[in-house]
Amino acid sequence: MADTMKNNESADQGKFIAFEGIDGSGKSTQIRILNERMKKEGIHCYTTMEPTDSPIGSLIHQIMTGRIRTDNKVIAALFVADRLDHLLNDVDGIVSKINEGTTVLTDRYYFSSYAYHSVDMPMDWVIQANGQSSSILRPTATIFIDTDPDTAMERIAKNRDHQELFEKKSRLVKVREKYLEAFEKLKEEERILVIDGNRSVQEIADHIWEQVKVLISR
Ligand code: ADP
Ligand code: TYD
C-alpha cells in the first residue's frame with residue numbers, strides 16, 4: 001500500500017491537504033471556510049485533526065494539559081503512533097477515505113512534529129521517526145498559514161497570566177522558525193504553500209481558495 005499511496009495524484013483518489021501553522025495562526029478557521037466552499041463546489045470533503053480523539057490522542061491531550069508527565073521523546077513517539085492510527089485505522093482512517101475519493105483536510109500532520117519537537121531534539125530524528133507516515137501518504141499540498149507570533153498570541157491570549165504568555169510566545173517564535181527550516185530542508189519532495197496569515201479571515205480564505213482550486217483541478 002505504501003508505494004501506491006505515496007503521491008496521491010491519481011484521478012480516482014481524493015486530495016489530501018494538510019494545514020500547518022503555530023497555535024492561533026487561524027488553521028481551524030480556514031479549514032471550516034474551505035470545507036464549506038468545497039461542499040458548494042460539490043466536492044466531498046472530510047475534515048480531521050491531530051492530535052486525534054483516538055485513545056493515543058487522548059493520552060497526548062492528557063500530557064499536553066499536564067495531567068501526565070513524560071519525556072519529550074516519548075511525546076514525539078506518541079504523535080508518531082497517533083498519526084499512523086490516523087492514517088490506517090479501520091473506522092475513519094485517512095488512507096481509506098482518500099481511496100474512496102474523499103478529499104481530506106487535516107488540521108496538522110507531520111510538519112507539526114518536525115516543527116514542535118525539533119525545538120527540543122534534532123529535526124532529523126523527528127523526520128526519521130515519521131518515515132512510515134511520509135512513505136504511506138504525503139499531502140497533495142501542505143498549506144502553512146504564516147502568522148506572526150505576536151498576532152497569534154493576541155488572538156489566543158485571553159484569560160492567561162503574563163508569565164504564561166511570555167513563555168508561550170517565545171516558544172511560538174521558535175516553532176515558526178523550525179517550520180521554515182523544515183520546509184527548506186524538504187522543499188524537493190513536498191509541495192508547500194505559504195499563506196500570509198496576518199490578514200483578515202476573508203483575505204486569507206480567498207488566497208487559500210485560489211491555490212486549492214488549482215490543486216483540485218489537476
Ligand atoms: P488555530 O486553529 O490555528 O489554533 P484558530 O482558527 O482557532 O487558530 O484561530 C484562533 C483565534 O483567532 C480564533 O478566536 C479565531 O476566531 C481568530 N482568528 C482566526 N483567524 C483570524 C484572522 N485572520 N484575523 C483575526 N482573528 C482570527
Ligand atoms: P491544539 O489544542 O489542537 O492546538 P491548535 O488549535 O493550535 O492546533 O493542540 C495541538 C498542540 O499539539 C499544538 O500546540 C501543537 C502540538 N503538536 C505537537 O507538538 N506535535 C505534533 O505532531 C502535533 C500534530 C501537534
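Note that the coordinates shown come from a computational prediction; the quantities given were computed from them, not determined experimentally. Start at 1 and go down the list; that is how both ligands and their atoms are numbered. Position 1 is the first residue of the sequence, and the numbers go up from there.
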Original post:
Applying a 4.0 Å heavy-atom criterion (strictly less than), which segment of His117 is in contact with ligand 2: side chain, backbone, both, or neither?
Top reply: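 Near ligand 2, His117 shows its side chain, while the N, CA, C and O stay back.
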Original post:
Should you measure from each heavy atom of Ser113, which atoms of ligand 2 turn up under 4.0 Å away?
Top reply: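 The list of qualifying atoms is 21 (C), 22 (O).
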Subject >> Ligand-side contact atoms (ligand 2) for residue partner Met64, heavy atom cut-off under 4.0 Å >> reply: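 Those qualifying, in numeric order: 11 (C), 12 (O), 16 (C).
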**OP:** Compute the shortest N/O to N/O distance between Arg108 and ligand 2 and return yes if it is under 3.5 Å, no if not.
**Re:**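 Min N/O separation from ligand 2 is below 3.5 Å for Arg108.
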Can you pull out the closest protein heavy atom to [atom]? Residue, atom name and distance to 0.1 Å, please.
{"atom": "atom 6 (O) of ligand 2", "result": "Lys27 NZ, 4.1 Å"}
{"atom": "atom 23 (C) of ligand 2", "result": "Phe79 CE2, 3.2 Å"}
{"atom": "atom 4 (O) of ligand 2", "result": "Asp23 OD2, 3.9 Å"}

Original post:
So, do Arg83 and Asn130 sit near enough that their side-chain heavy atoms are less than 4.5 Å apart?
Top reply: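 When only atoms from C-beta onward are counted, Asn130 and Arg83 do touch, with a gap below 4.5 Å.
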Original post:
So, for Phe111 and Phe183, is the gap between ring centers shorter than 6.0 Å?
Top reply: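 Yes, they do, as the ring centres are separated by less than 6.0 Å.
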Original post:
Are Tyr114 and Tyr179 close enough that their ring centres sit under 6.0 Å apart?
Top reply: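 Not under 6.0 Å, so no.
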Original post:
Is there a salt bridge (Lys or Arg N to Asp or Glu O under 4.0 Å) between Glu181 and Lys178 once you walk through the steps?
Top reply: CA-CA 5 Å; Glu181 188 183 324; Lys178 290 294 180 184; 3.3 Å; yes
Subject >> Salt bridge flag under 4.0 Å for residues Asp206 and Arg37 >> reply: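 Salt bridge: yes.
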**OP:** Please determine if Asp120 and Lys73 form a salt bridge, counting it only when a charged side-chain N lies under 4.0 Å from a carboxylate O.
**Re:**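 So Asp120 does not pair with Lys73 through a salt bridge.
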Original post:
Against heavy atoms of Arg199, which atoms of ligand 1 measure under 4.0 Å?
Top reply: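 In order of number, 22 (C), 23 (N), 24 (N).
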Subject >> Sub-4.0 Å atoms of ligand 1 with respect to non-hydrogen atoms of Ser200 >> reply: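 Once the distances to Ser200 are compared, the set is 23 (N).
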Original post:
Can you tell which part of Ile204 has a heavy atom less than 4.0 Å from ligand 1: side chain, backbone, both or neither?
Top reply: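 Ile204 to ligand 1: side-chain contact only, backbone stays beyond 4.0 Å.
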**OP:** Compute the minimum heavy-atom distance from Glu203 to ligand 1 and say whether it is under 4.0 Å.
**Re:**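 No, that is not the case, since the closest heavy atom of the residue is not under 4.0 Å from the ligand.
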**OP:** Assess Gly24 for proximity to ligand 1: is some non-hydrogen atom of it under 4.0 Å away?
**Re:**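 Flag set, Gly24 near ligand 1.
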Original post:
With a distance cut-off below 6.0 Å to the six-membered ring centre and an angular limit of 45° from the axis, does Lys97 pair with Tyr46 as a cation-pi contact?
Top reply: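 Judged by the rule (NZ or CZ under 6.0 Å from the ring centre, within 45° of its axis), Lys97 counts as positioned above Tyr46.
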Original post:
Hey, does Pro51 sit under 4.0 Å from ligand 2 if you only count heavy atoms?
Top reply: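 The answer is yes, since Pro51 has a heavy atom less than 4.0 Å from ligand 2.
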Original post:
Is it true that Arg83 lies under 4.0 Å from ligand 2, counting heavy atoms only?
Top reply: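 Under 4.0 Å: yes for Arg83.
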**OP:** Would you check the N or O atoms of Gly26, main chain and side chain alike, for any that come under 3.5 Å of an N or O of ligand 1?
**Re:**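 Such a contact does occur with ligand 1.
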**OP:** Ignoring angles and geometry beyond distance, decide whether Ser25 reaches within less than 3.5 Å of ligand 1 through its nitrogen or oxygen atoms.
**Re:**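 It does: an N or O of Ser25 is found under 3.5 Å from an N or O of ligand 1.
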Original post:
Is there a protein heavy atom at a distance of less than 4.0 Å from atom 17 (N) of ligand 2?
Top reply: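 Flag for atom 17 (N) of ligand 2 set to true, protein heavy atom closer than 4.0 Å.
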Original post:
Just to confirm, does any protein heavy atom lie below 4.0 Å from atom 1 (P) of ligand 2?
Top reply: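 It does not; no protein heavy atom is within 4.0 Å.
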Does the side chain of [X] pick up a donor-acceptor pair with the side chain of [Y] at under 3.5 Å?
{"X": "Ser112", "Y": "Glu20", "answer": "yes"}
{"X": "Asp23", "Y": "Tyr116", "answer": "yes"}
{"X": "Ser200", "Y": "Glu203", "answer": "yes"}

Original post:
Step by step, would you call Glu190 with Lys187 a salt bridge (Lys or Arg N to Asp or Glu O under 4.0 Å)?
Top reply: CA-CA 5 Å; Glu190 301 278 351; Lys187 64 183 178 200; over 6 Å; no
